[in-house]
Participant: 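My questions will all concern the structure given below.
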Amino acid sequence: MTLFAEVVFPLPVDQSFFYVVPAAWTGAAKAGSRVMAPLGNKVQMGFIVQVSDQGPDRAISLKEIIEVIDEVPQISEDILSFTRQLSAAHFSSWGEFLAASLPPSAVVKTTAKAFLTEKGGDALKEKKLSRDEKKVAEVLGEKPYSLFFLRKKTGVKNISSLAARMEKKGLIRVERETKTAREKKEIPILLPPTQLELDFSVDESVEEAAGVILGAMDKGAFAPFYLSGPGPKRQAVYFLLIRKILACSKKALFLIPELSQAGPLQESLEKGLGGQAVFIHSGLSERARELAWQKIRSQKAGVVAGLRSALFSPVERLGLIIVDDEHDDSYLQLESPLYDARRGAWLRASGQRAALVYGSSTPSVEAFYRAQQDGYLLTLKNGHKPKQAVVIDDKTEKGLISQRLASGLQGSLDEGKPSIVFLNRRGYASFLFCPRCGHIPKCGRCRVSLAYHKKEDRLVCHYCRASQPKIAACPECGSKVLEPGGAGVEAVEEELRRLFPQARIACFDSDRVKGQKDRDKVLQGFQAGKIDILVGTQWLAHQTGLPPVSLIAILNPEALLAFPDFRAAQKTYLALDFMMRLVDAADKRSEIVIQTAFPDHHSIRAAARRDYPAFYREEVRFRRLMNYPPFSCLAEVLLQGRDLRSLAQKARDIAGCAAAFGRGVEILGPAFSPGATVRGGKRVQVILRTQKPELLDQVLRECLGRIKIKKSVWRYP
DNA sequence: AGCACGCCGACT
DNA sequence: GTCGGCGTGCTC
């Protein structure tokens, strides 16, 4: 009897492949085993996901598996089933998810090394080679290189096909070898100076919430919860739950969205649980990562904490998954394999009959609503009211920095305390305009206004990053003056220097701060008190190791409201809340100033008062009125491609397919996606909306199953 | 992802 | 006319 294996590969391909299992391997070939199998003209590592005596439905000639690597399957049933569901939910590669659940050493990669042949050497001497061939031959003349380095050294874009052509001609020889991941340098987490743990008391609301969850955990069934309340109180609940998990020798996963919050958690996990906790993050060295994985796989880690990818840790006897700061969109992985770790946590917890606890002090509207409706919301008492912000109406002020803010900054300077000024706009001005004819220089490709960067004296397109020298005169009417509009961080920095010539001011944006070195230099300088005022974009707020400061100023947060996204208000609220957290709560004289043209918008007003319920009430009203999630189901389908014509055709195919479902499916678009051009490709978006989630599932499966194109799908709720 | 095949502009 | 650029499609 012939045995067949269905195999998936860690490639960005949402598809499985069938192979014949040779007699020699029939014993070892099991679902979850790693195999080496021929794919195209290479041998690739893949994962068996199913073994059966039935081949595929369609008649295709099958190849044989070359080798079954594992005697015992490396991937457990649980992980197999979890990743299959996750992949189906996101139209994302199953094989890539499986690779994510293995230590780097277990992911076999094939690398190609190129050697110059004698014939190639002769051809180089005799100058018989084309421009690119010559480059390759010259580089390989020194010594053999991998294709990866060959591309770097020669700058030839399509190096693999060139190498293949040269190999055919006998100019070079390409040897393939299987390799495990290469060594990486360790990046330590910058710990912020120890902050006072306010309000860590276990009050009755903490005990009550923990009691409810513990009760559900005792039953050993899947149970979701949403823990709404201040951070320290949530932390207290989490630790009660974890202690219980460890007591009955089960395991817990603890997810956080970003490294910037990792420091304190890592500390308290290590302090509180000793050797039981493993923290995995992107900064770990290969060796440290390997050790962590060994500890997880030998089931010695009671708690695995980390960012979204920790979700794939192969822990058995999983009893609890914590997803803290649920509102944070860092739970979305935007590169292949695409997924939403919040949805993933739900799938994994329900598959392994574990308790699931989402937590946040500023929940996403969709999740909060659902928790309320389905009766799994647990609210923790608010402790000390956090510091509120002073809101200044921009329209009544002249200049970039209001009187009120200037005096606040002066106060901080006088006391020798640090301040941060946020403005989410890079460069000096977001556009230039001609005061005589009103012309605004635009990017030829993206048709958006060009930003002016004064330091480089250039015009830059913030969409496609193309830049050009500043234009001296208006190209329309020849006027010699072009005026800046829409002030950016550079302009704020300039204005601050004018107002406070004696102050030490630095600017933190992606233009000025490039790479780890710059970053550390500025942040360490700020930590050490060598900078009085730090000006930055929102990027600054997401850095690890920022010390609490005595004045936070936020300029024009309303820019975030302009995004064409139904969650714009929520994003604005979250961004404001996030920046405001950096204020030094222990310093009674510290303050937060928000300068805005929309002081009455509900997200700005509520954020300034740190009043999430007020924001939620207003936002839910708006969502209901507009029939947005959570009152409908919405999927954003994003298509990527270089050729606009075929892109548009496929977008229309999808829209047409969805239209066949009739009135129950609302189709918005196709339209160009905000974000326009990415890496030489255009993006087109189709939004589908239904009332019932099952219908949306069905439509997506039907419409996206067959149409082959690089796509990403995000669903709400 | 990697690689082959196929179609268009600038060169021996 | 070819070379080589990129765009499209396939890999069991």
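From a predicted model like this one, the values you see are computed outputs, not experimental measurements.
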Participant: In whole angstrom, give the distance that lies between atom CD1 of A:Ile66 and atom P of C:dC12.
Facilitator: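 For the pair A:Ile66 CD1 and C:dC12 P, the rounded distance is 11 Å.
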Participant: Is any side-chain N of the basic residue among A:Arg426 and A:Asp511 closer than 4.0 Å to the acidic one's carboxylate O?
Facilitator: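 Judged by the 4.0 Å cut-off on N to carboxylate O distance, A:Arg426 and A:Asp511 do form a salt bridge.
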Participant: Would you mind reading off the distance between A:Ile65 atom CD1 and C:dC12 atom C1', rounded to a whole angstrom?
Facilitator: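 My rounded result for the distance is 10 Å.
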Participant: Could you tell me whether the side chain of A:Leu98 reaches within less than 4.5 Å of the side chain of A:Pro10, counting heavy atoms only?
Facilitator: no
Participant: Atom CD of A:Gln44 to atom P of B:dA1: distance rounded to whole Å?
Facilitator: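 In whole Å, B:dA1 P lies 12 Å from A:Gln44 CD.
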Participant: Out of C:dT11, B:dA1, B:dG2, which nucleotide sits closest to the side chain of A:Lys42?
Facilitator: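 Among C:dT11, B:dA1, B:dG2, the one nearest the side chain of A:Lys42 is B:dG2.
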Participant: Rounded off to whole Å, could you give me the CG-to-P distance for the A:Leu39 and B:dA1 pair?
Facilitator: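 These atoms are roughly 14 Å apart.
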Participant: Rounded to whole Å, how long is the line connecting atom CD1 of A:Ile60 with atom P of C:dC10?
Facilitator: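 A:Ile60 atom CD1 is separated from C:dC10 atom P by 13 Å.
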Participant: For A:Ser61, report the nucleic acid contact type (base, sugar-phosphate, nothing); a contact means any heavy atom under 4.0 Å.
Facilitator: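 Sugar-phosphate only.
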Participant: Can you find a side chain N or O atom of A:Lys650 that sits less than 4.0 Å from OP1 or OP2 on C:dG9?
Facilitator: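 Yes.
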Participant: Measure the spacing between CG of A:Asp340 and CH2 of A:Trp346 and express it to the nearest 0.5 Å.
Facilitator: 13.0 Å
Participant: Which whole-number value in Å describes the distance from A:Leu62 CG to C:dT11 P?
Facilitator: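 The distance from CG of A:Leu62 to P of C:dT11 comes to 12 Å, rounded to the nearest Å.
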Participant: Under 4.0 Å, heavy atoms only, any strand: does A:Pro38 hit a base, just the sugar-phosphate, or nothing?
Facilitator: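 If one applies the 4.0 Å heavy-atom cut-off, A:Pro38 turns out to touch the sugar-phosphate alone, with no base involved.
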Participant: Using whole Å, what does the distance between atom C1' of nucleotide C:dC12 and atom CZ of A:Phe47 come to?
Facilitator: 17 Å
Participant: So, OP1 or OP2 of B:dA4: does either fall under 4.0 Å of a side-chain N or O from A:Asn41?
Facilitator: yes
Participant: What is the distance from CG of A:Leu11 to P of C:dG9, rounded to the nearest Å?
Facilitator: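 Interatomic distance, CG of A:Leu11 to P of C:dG9: 19 Å.
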